[in-house]
Amino acid sequence: MSEQRPTRILFFGHLKDVAGEAGRDVILPKEIRVRTALIDWLAGEDDLLRTALSAESVRLCIDQQVVESDARFESPQEIGFLPPFSGG
């Protein structure tokens, strides 16, 4: 049986401040395969983080590809939460 590889979770912009970190390496439970389950698992009891990550304007990026909010994922190496960007 092979060992599951960690997934790097990245938080950008103001989400980094809300999460209190730029990123973390985690072993995703097998049942975490959609955004809502991921947010529930990451946020735990942290309602501020849950609200920030759940905002419609926050995009989800799986292995450096922006995906639809309801996209399913299997064994991502990296997941990023991207807030709206502005400026040049």
Side-chain angles (χ1 to χ4, degrees):
M1 178 184 245
S2 64
E3 185 176 319
Q4 187 177 2
R5 295 186 318 177
T7 299
R8 182 80 174 147
I9 307 291
L10 299 171
F11 305 101
F12 294 92
H14 77 279
L15 300 173
K16 181 171 42 173
D17 297 329
V18 176
E21 59 191 338
R24 62 178 85 154
D25 293 318
V26 300
I27 300 294
L28 288 178
K30 292 182 193 277
E31 65 272 10
I32 306 297
R33 296 294 175 245
V34 294
R35 176 186 175 133
T36 53
L38 175 62
I39 291 170
D40 286 344
W41 184 74
L42 285 173
E45 301 296 318
D46 188 339
D47 289 334
L48 288 175
L49 181 58
R50 181 184 322 283
T51 298
L53 296 179
S54 298
E56 283 187 38
S57 59
V58 172
R59 303 296 307 264
L60 189 65
C61 189
I62 304 290
D63 292 330
Q64 301 181 3
Q65 297 291 319
V66 176
V67 298
E68 295 297 322
S69 62
D70 61 350
R72 294 187 59 78
F73 46 86
E74 287 302 317
S75 299
Q77 293 181 16
E78 183 180 270
I79 298 174
F81 287 92
L82 309 170
F85 291 97
S86 64

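Numbering starts at 1 and runs along the sequence shown.
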Considering all heavy atoms, the nearest Phe12-Gly80 contact: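 Heavy atoms of Phe12 and Gly80 come nearest at CE1-CA, 4.4 Å.
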
Minimum-distance pair of heavy atoms, taken over all atoms of Val66 and Cys61: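 Distance-wise, the nearest heavy atoms are N-SG, 4.0 Å.
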
Atom pair [atom1]/[atom2] of [X] and [Y] - distance to nearest 0.5 Å:
X	Y	atom1	atom2	result
Leu38	Ile32	CG	CD1	6.5 Å
Leu28	Ile9	CG	CD1	5.5 Å
Leu42	Phe11	CG	CZ	5.5 Å

Residues in side chain to side chain donor-acceptor pair (under 3.5 Å) contact with Asp17, at least two apart in sequence or another chain: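 In terms of side chain to side chain donor-acceptor pair (under 3.5 Å), with neighbours along the sequence ignored, Asp17 is linked to no residue.
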
By side chain to side chain donor-acceptor pair (under 3.5 Å) - contacts of Arg33 (at least two apart):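 So Arg33 forms no side chain to side chain donor-acceptor pair (under 3.5 Å) with any residue.
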
Cluster link Trp41 to Leu60, ILVMFWY, side chain under 4.5 Å: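 Same cluster: Trp41 reaches Leu60 through Ile, Leu, Val, Met, Phe, Trp or Tyr contacts under 4.5 Å.
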
Side chain to side chain donor-acceptor pair (under 3.5 Å) contacts in which one or both residues fall within residues 50-74, not counting sequence neighbours: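 The answer is Asp40-Arg50.
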
Donor-acceptor contact present, side-chain Arg35 to main-chain Leu53, <3.5 Å: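 Yes, Arg35 side chain to Leu53 backbone: donor-acceptor pair under 3.5 Å.
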
Partners meeting salt bridge (charged side-chain N to carboxylate O under 4.0 Å, His left out) with Glu21 (sequence neighbours left out):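 Testing Glu21 for salt bridge (charged side-chain N to carboxylate O under 4.0 Å, His left out), a comparison that skips the adjacent residues, returns Arg24.
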
In the structure I gave you, are the side-chain heavy atoms of [X] and [Y] within less than 4.5 Å of one another anywhere?
X	Y	result
Val67	Phe73	no
Arg5	Gln77	yes
Asp25	Thr7	no
Leu10	Leu82	no

Contacts of Ala22 that satisfy side chain to side chain contact (heavy atoms under 4.5 Å, CB included) - sequence neighbours left out: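 So Ala22 forms a side chain to side chain contact (heavy atoms under 4.5 Å, CB included) with Lys16.
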
